[in-house]
Amino acid sequence: MKRVITFGTFDLFHIGHLNILERAKQFGDYLIVGVSTDALNFSKKQKNPIHSQEERTRIINALKVVDEVFYEESLELKGDYIKKYNADVLVMGDDWKDKFDEFKSLCEVIYLERTPSISTTEIIEIIKR
Ligand code: CTP
């Protein structure tokens with residue numbers, strides 16, 4: 001059985017999120033998703049996600065393509081998570097292209113094209129206007 005791992009905030013769940021999770025699943029049989037904690041988001045962007053980590057995690061966990069969810073507490077722990085969850089493949093959106101090549105010694109690393117014209121940031125901007 002091939003295990004795939006991916007990471008993200010997945011706030012204001014949108015079609016780009018669903019697309020990447022469905023495509024990630026196609027690289028294996030079992031999809032594990034690290035959902036970044038509120039604290040991690042705050043430390044990187046100085047703001048909290050709209051939906052709490054509990055809410056974001058429940059939404060991701062309810063998806064048919066997702067088999068397991070955990071909290072990503074720190075960006076520096078990616079290698080540890082890959083080992084802990086025995087991942088064979090790491091899938092990331094190509095906004096992270098080349099950034100995770102160091103993990104090629106642990107597993108296969110695949111960058112997928114982002115879905116054009118949608119992001120959580122953009123949804124927030126559109127609603128504000
Ligand atoms: N993603 C994607 N296509 C999009 C938006 C996101 O493939 N249009 C992917 C990202 O590459 C990442 C995952 O979805 O692998 C989670 O991304 P996240 O950062 O949570 O979503 P964004 O919409 O990019 O959020 P933000 O605008 O806050 O950066």
Side-chain angles (χ1 to χ4, degrees):
M1 191 171 76
K2 215 166 162 191
R3 296 163 66 88
V4 182
I5 196 166
T6 191
F7 297 87
T9 304
F10 302 102
D11 194 21
L12 298 179
F13 193 81
H14 60 67
I15 197 69
H17 294 149
L18 186 60
N19 284 339
I20 198 155
L21 293 174
E22 287 184 343
R23 288 161 68 213
K25 179 68 173 255
Q26 289 172 2
F27 288 90
D29 316 285
Y30 192 87
L31 178 61
I32 305 150
V33 184
V35 173
S36 58
T37 59
D38 295 336
L40 174 54
N41 277 279
F42 197 84
S43 74
K44 295 292 153 195
K45 302 177 187 172
Q46 278 66 57
K47 58 177 198 258
N48 280 122
I50 306 283
H51 295 305
S52 70
Q53 59 191 42
E54 289 80 13
E55 293 164 338
R56 291 181 285 113
T57 298
R58 279 185 59 198
I59 290 167
I60 299 302
N61 205 220
L63 298 170
K64 233 190 288 180
V65 290
V66 174
D67 297 289
E68 194 171 342
V69 179
F70 68 93
Y71 287 134
E72 179 186 24
E73 313 247 11
S74 160
L75 297 181
E76 279 67 55
L77 292 175
K78 285 235 166 36
D80 295 302
Y81 294 130
I82 290 167
K83 285 185 236 165
K84 178 174 177 192
Y85 291 94
N86 278 316
D88 302 293
V89 188
L90 167 64
V91 171
M92 295 298 296
D94 63 3
D95 38 333
W96 297 98
K97 188 142 183 57
D98 306 328
K99 300 260 164 52
F100 296 109
D101 287 358
E102 62 185 289
F103 302 120
K104 285 183 176 168
S105 56
L106 296 176
C107 65
E108 200 181 330
V109 179
I110 294 170
Y111 304 98
L112 296 179
E113 225 174 88
R114 282 169 66 92
T115 301
S117 324
I118 188 161
S119 72
T120 300
T121 308
E122 203 168 308
I123 292 171
I124 293 171
E125 287 308 314
I126 291 167
I127 293 171
K128 271 194 198 160
R129 280 187 241 128

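Any value given below was found using the heavy atoms of this structure, including those in side chains, with hydrogens, waters and symmetry copies removed. If you're wondering where the values come from, they're calculated on a predicted model, not measured in any experiment. One-based numbering, in listed order, for ligands and for the atoms of each. Numbering of residues begins at 1 and proceeds along the displayed sequence.
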Would you mind listing which atoms of ligand 1 come within a distance below 4.0 Å of any non-hydrogen atom of Phe10? 13 (C), 16 (C), 20 (O)
Can you check side-chain contact (heavy atoms from CB on, under 4.5 Å) on Ile20 and Thr115, steps first, answer last? CA-CA 8 Å; Ile20 198 155; Thr115 301; over 6 Å; no
Could you find the nearest protein heavy atom to atom 11 (O) of ligand 1 and give me its residue, atom name and distance? Asp95 OD1, 2.9 Å
With atoms numbered from 1 as shown, which atoms in ligand 1 lie under 4.0 angstrom from a non-hydrogen atom of His14? 5 (C), 23 (O)
Could you tell me whether Arg58 and Glu55 make a salt bridge, using a distance below 4.0 angstrom between a side-chain N and a carboxylate O? no
Minimum side-chain heavy-atom gap Arg56-Asn41 below 4.5 Å: yes
Going by the order shown, which atoms of ligand 1 are within less than 4.0 Å of some heavy atom of Gly93? 11 (O), 15 (O)
Tell me the contacting part of Thr120 for ligand 1: side chain, backbone, both, or neither, using a 4.0 Å heavy-atom threshold, strictly below. both
Measuring only between side-chain heavy atoms, which start at C-beta, is Ile60 closer than 4.5 Å to Leu21? yes
Regarding Lys97 and Asp94, does a basic nitrogen lie under 4.0 Å from an acidic carboxylate oxygen? no
Please list, in number order, the atoms of ligand 1 under 4.0 Å from a heavy atom of Ser119. 23 (O), 27 (O)
Protein residue, atom and distance nearest to atom 12 (C) of ligand 1, heavy-atom basis: Phe7 O, 4.3 Å
Using distance alone, determine whether Asp94 and ligand 1 share an N or O pair under 3.5 Å. no
I want to know if ligand 1 touches Glu122 in the polar sense, i.e. an N/O pair below 3.5 angstrom. no
Which residue holds the protein heavy atom closest to atom 28 (O) of ligand 1, what is that atom called, and what is the gap in Å? Thr121 OG1, 3.3 Å
Is the shortest distance from a heavy atom of Ile118 to ligand 1 less than 4.0 Å? yes
Lys/Arg-Asp/Glu bridge criterion (N-O < 4.0 Å) met for Arg114, Asp95: yes
Do Ile50 and Ile124 have side-chain heavy atoms sitting under 4.5 Å apart? yes
What about Thr9: any of its N or O atoms under 3.5 Å from an N or O on ligand 1? yes
For atom 19 (O) of ligand 1, state whether the nearest protein heavy atom is under 4.0 Å away. no
Ranked by distance from atom 5 (C) of ligand 1, the top protein heavy atom is Arg114 NH2, 3.3 Å
For Lys45, counting its heavy atoms only, list the atoms of ligand 1 lying under 4.0 Å from any of them. 28 (O)
With distance as the sole test, does Thr57 use its side chain to make a donor-acceptor pair with the main-chain N or O of Glu54 at under 3.5 Å? no
Purely on distance, is any nitrogen or oxygen of His17 under 3.5 Å from one on ligand 1? yes
Within the structure provided, determine whether Phe10 and Val69 are in side-chain contact (heavy-atom separation under 4.5 Å). no
Would Thr115 count as being in polar contact with ligand 1, using the rule that some N or O on each side must be under 3.5 angstrom apart? yes
Given a cutoff of under 4.5 Å between side-chain heavy atoms of I, L, V, M, F, W and Y, with clusters grown through shared members, what are the other residues clustered with Tyr81? Met1, Ile5, Phe7, Tyr30, Ile32, Phe70, Leu77, Ile82, Tyr85, Leu90, Met92, Trp96, Phe100, Phe103, Leu106, Val109, Tyr111
Main chain of Asp11, side chain of Thr9: is a donor-acceptor contact present, judged purely on distance under 3.5 Å? no
